[in-house]
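Lettering follows sequence order; numbering is per chain, from 1. The basis for the numbers below is simple: all heavy atoms, side chains too, and nothing from hydrogens, waters or symmetry mates.
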Protein chains: 2
Amino acid sequence: MIPKGETMAIETIPAPMKQLYRDDQLEIDFVRGQALVQGNQLVLTRKEFELLAMLAANEGEIVPREVLMKRIWGYSMEIRTRTLDVHVRRLRRKIMEFGQPCIETVFGVGYRFQRYRADRQRQSFSSVACVAVPA
Amino acid sequence: MIPKGETMAIETIPAPMKQLYRDDQLEIDFVRGQALVQGNQLVLTRKEFELLAMLAANEGEIVPREVLMKRIWGYSMEIRTRTLDVHVRRLRRKIMEFGQPCIETVFGVGYRFQRYRADRQRQSFSSVACVAVPA
DNA sequence: ACTAGCTTTTACATTTTTTTTACAACTTGT
DNA sequence: ACAAGTTGTAAAAAAAATGTAAAAGCTAGT
C-alpha cells in the first residue's frame, strides 16, 4: 500500500502480472518459483524456470528465440550455440515426466506454450504453421 | 500498537510472529532462545540460533542467502567467504545429532526450513526446485 | 593478559548448473 | 528429391555455487 501523500514513479509500479498460471495439468507460481505438473513438483534450475515462466506467461503466443535469449541470457549470446535448445529440451523432458507436452516449436521463429485442456484428446504438436512476427 | 494519528512505514511493522515453533521433532522458543530436538536441548551459539530462528520462522519458504546475511550479519559481509555455509553446516550437524535433516539448500538462492512430519516416510531433500527472479 | 568458546577466513573438494561442441534429424522452398 | 537453413540430442567441458576441515582471529569473563 502506498502511504498517503506519497507518490510513486510510474516505472516502479509493478506490472499487473498474474501471480500464477494454471491449467489442467500445470500450475506455476511465478513468485515462489515453483511449478507443479499433475500435482508433482518440478525440480527446475533457475534458467529452466525462467524459460517456463516466460513461455507460460505468454501462453498461446509465440515467443521468438531472440526474445527468450535477450530476456533470459541478456543482450549478448551468440546465435551459433544451441544453448536455448538444450534448455528447452531439458524443460520439456521434466514436464513430460509427469504430464503432456506443452511447448511447441515454431520453426524459424521460436517457441509457443499451449495451455493444456483435459477434454482435448491429445495435443497435436507434430508440426506447426510458420508465423510471421512483427519486428 | 500504533498510536492514533501516527503512521508507520509498512516495512517496519513487525510481523505478528509466533512465540514458538513446533513440529514433530523440533521445538523452538524464540523468546527464550531455546531449541529442543526430540526432547533434547540443543546447545547452540548465538549465530546458530539466529539462523535456525530465521529459517524456522519462515518454514516452507525459501530464505535467500542475501537476506540471511543481511539480517544476521548486517549489511556488509563479503560474498566471497563461506561464513554462512559454515554456520549452516554446524547447525545442521547439531540438529541431526538427535533428529532428521530439516534445512534444505536451494541452489543459487538460499535455504529453506521444512517442517518435520512424523507420518512422512522420509524427507527427500535430494534436490530442490530453483526459484526464478521476476524480471 | 590469559583462556575458552565463538566466529570468520582460507583453501580445496564436491556438487550442480550452464555452455559448448559435434553431429543427427527435421523443415521448407525449389 | 535436393539444398540450405533450423532445430534436436548427447556428451563433454566449463563455470558457478555449495560443502568441508582446519587454522586464525575475536571477545567476554576472569
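- Regarding contacts with the backbone of C/dT9, a side-chain N or O of B/Thr81 is found under 4.0 angstrom from either OP1 or OP2.
- Helix-axis bend for the helix from C/dA1-D/dT30 to C/dT30-D/dA1: the local axis fitted to the five terminal pairs at one end deviates from that at the other end by 40°, rounded to 10°.
- Grouping the Ile, Leu, Val, Met, Phe, Trp and Tyr side chains by contacts below 4.5 angstrom, directly or via other members, places A/Phe49 apart from A/Val86.
- Checking D/dT9, C/dC6, D/dT18 against the side-chain heavy atoms of B/Thr45 singles out C/dC6 as nearest.
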Look for any protein N or O under 3.5 Å of an N or O in nucleotides 24-30 of chain D and output each such pair with its distance, or none.
none

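- The cluster map of Ile, Leu, Val, Met, Phe, Trp and Tyr, joined by side-chain heavy atoms under 4.5 Å apart, puts B/Leu36 and B/Leu26 in different clusters.
- The residue A/Val88 sits apart from the nucleic acid: no heavy atom pair falls under 4.0 Å.
- For A/Arg22, the salt bridge (Lys or Arg N to Asp or Glu O under 4.0 Å) partners two or more places apart in sequence, or in a different chain, are A/Glu27.
- Of the possible donor and acceptor atoms, one in the side chain of A/Arg92 sits under 3.5 Å from a partner among the backbone N and O of A/Ile103.
- Residue B/Trp73 places at least one side-chain N or O closer than 4.0 Å to OP1 or OP2 of C/dT8.
- Listed pair B/Thr105 / D/dG19 meets the phosphate criterion, a side-chain N or O lying under 4.0 Å from OP1 or OP2.
- Counting only residues at least two apart or on different chains, no ring-ring contact (aromatic ring centres under 6.0 Å, His included) pair has a member in residues 51-71 of chain A.
- Distances shown here put a side-chain N or O of A/Arg92 below 4.0 Å from the OP1 or OP2 atom of D/dG8.
- Legend: side chain to side chain donor-acceptor pair (under 3.5 Å) pairs involving residues 61-70 of chain A, not counting sequence neighbours, sorted by first then second residue: A/Arg65-A/Asp85.
- A close approach under 4.0 Å does not occur between any side-chain nitrogen or oxygen of B/His87 and OP1 or OP2 of C/dC6.
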Atom pairs, protein N/O to nucleotides 13-17 of chain D N/O, distance under 3.5 Å:
unit_1: D/dA17; atom_1: O3'; unit_2: B/Gly108; atom_2: N; d: 3.4

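- Between A/Gln25 and A/Phe98, every side-chain heavy-atom pair lies at or beyond the 4.5 Å cut-off.
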